[in-house]
Amino acid sequence: MALVMLHLVVAMATAAAVAAELPRLEQSPKADGSLSILAVGDWGRHGEFNQSRVATQMGIVGEKMDVDFIISTGDNFYSDGLTGVDDKAFGDSFTGIYTAKSLDKPWYTVLGNHDYRGDALAQISPVLGKVDSRWICMKSFVVNAEIADFFFVDTTPFVVKYWTDPKNSTYDWRGVAPRETYIANLLKGMEAGLMRSTARWKIVVGHHTIRTAGKHGDTPELVQLLLPMLKAHGVDLYINGHDHCLEQISSSDSPLRCLTSGGGSKAWGGVYAPGADKVEFFHDGQGFMSLRLTATEARLAFYDVAGTVLHTWARTKSTQY
Ligand SMILES: *[C@@H]1O[C@H](CO)[C@@H](O)[C@H](O)[C@H]1NC(C)=O
Ligand SMILES: *[C@@H]1O[C@H](CO)[C@@H](O)[C@H](O)[C@H]1NC(C)=O
């Protein structure tokens, strides 16, 4: 009897730990241990607003770099996400646009606020993975790629105004509401994942800005709830979309860089409003970002709609750590 009880307690403790844990995926790096990645956001407009031109350049850079996977920072389908798993927009704005062979790799994807205005569950449904096997979209998850751990965070539920504005009653909060519990669990899962991560590089991806000089401004909910956790756990990069521009912002009290790659289609927000943190690069236009990681170096580049390199940046880490 005592033994049975003990087993039950252990099982319950395990279940509780699992509940807080984010789903984990394994991604193999190249044979030499390195990784090449592209990141793009705010894109799905049936090829319009230069989406197709950005896609073409991603294909070219993707081939040169032999990319291992692509990150989508959300707002995948405008204006209101998908209507369901059979929405033609999936083919018209994704499968039929990113056609280069080099982009035939996993697309690790988060949801943006516009995705939540449609059928959010459709985008995370495994059915879409059967339609296009590249599509890997979940609300929050971890991709373990040996030298780097990537933490994908569902940022839309953080933003209070999406819950409170009566005009904004169209958000698909199925599986999310109530907000407080959802966010508490998500942050618990993030913290547990960051604590157990032994990867050399820790990279967090979300749709919303933390620091930005663009139109939407910083997201105060993330500045308050997520940013301190990223700094405390030595996260190297936070990659987001939401602002339709490209930018790199440093942090005055940590090595963290906030990178916006939200130039997948409609751009030219016309706003440049730097905050307290230093803006190291800003491009008010379409484009995308690449990232190359080795055990000792992270190197990133931003490209415009014509594939021109606008900015590069690198950080090295010694082999001792
Ligand atoms: C598309 O890119 C071209 C070349 O940079 C630019 O002239 C044009 O304004 C862009 N179109 C849109 C809709 O942003
Ligand atoms: C309503 O949602 C739209 C689109 O997400 C956003 O631009 C707007 O700021 C929201 N309005 C308010 C008051 O939250």
Side-chain angles (χ1 to χ4, degrees), residues 37-65 67 70-83 87-103 107 109-118 205-209 211-217 219 239-249 258-274 279-291 300-313:
I37 300 148
L38 298 181
V40 66
D42 305 83
W43 41 266
R45 296 185 193 267
H46 301 80
E48 286 165 26
F49 294 95
N50 285 341
Q51 186 195 354
S52 295
R53 296 183 62 176
V54 173
T56 301
Q57 296 305 327
M58 285 174 66
I60 294 167
V61 174
E63 187 177 339
K64 260 185 221 155
M65 292 183 65
V67 291
I70 293 104
I71 289 169
S72 167
T73 59
D75 276 3
N76 309 315
F77 302 99
Y78 285 97
S79 283
D80 297 321
L82 295 179
T83 56
D87 191 333
K88 259 172 51 61
F90 186 70
D92 293 347
S93 291
F94 177 61
T95 306
I97 300 289
Y98 302 101
T99 52
K101 195 163 174 287
S102 62
L103 305 180
W107 281 61
T109 301
V110 291
L111 298 176
N113 48 305
H114 283 267
D115 301 310
Y116 264 104
R117 290 163 62 179
V205 179
H207 175 65
H208 287 80
T209 54
R211 295 296 192 207
T212 180
K215 189 168 150 181
H216 289 102
T219 306
I239 305 175
N240 60 272
H242 198 46
D243 268 336
H244 298 177
C245 61
L246 305 174
E247 54 186 334
Q248 174 182 320
I249 297 179
C258 286
L259 308 168
T260 298
S261 186
S265 63
K266 193 174 185 178
W268 309 109
V271 173
Y272 179 69
V279 181
E280 297 175 316
F281 165 69
F282 183 87
H283 172 61
D284 187 18
Q286 284 111 358
F288 60 100
M289 192 194 110
S290 74
L291 175 63
L300 57 90
F302 288 94
Y303 309 80
D304 71 6
V305 68
T308 306
V309 176
L310 301 173
H311 173 76
T312 62
W313 177 83

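Counting starts at 1 for both ligands and their atoms, following the listed order.
Using a 4.5 Å cut-off on side-chain heavy atoms (C-beta onward), Phe302 and Gln248 make contact.
In summary, the side chains of Ser93 and Trp43 do not present any donor paired with an acceptor at a separation below 3.5 Å, with no hydrogens or angles considered. In this structure, a donor-acceptor pair under 3.5 Å is present between the side chains of Thr260 and Glu247.
In terms of heavy atoms, His114 sits closest to Ser79 at ND1-O, 2.6 Å.
Heavy-atom neighbours of Glu63 CD from other residues, nucleotides or ligands within 6.0 Å: at or below the threshold of 12.
Near ligand 1, heavy-atom contacts under 4.0 Å come from Phe49, Asn50, Arg53, Trp268, Gln286, Val305.
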Tyr303 and Ser290: CA distance, side-chain angles, deciding distance, side-chain hydrogen bond (donor to acceptor under 3.5 Å, both in side chains) verdict: CA-CA 8 Å; Tyr303 309 80; Ser290 74; 2.9 Å; yes
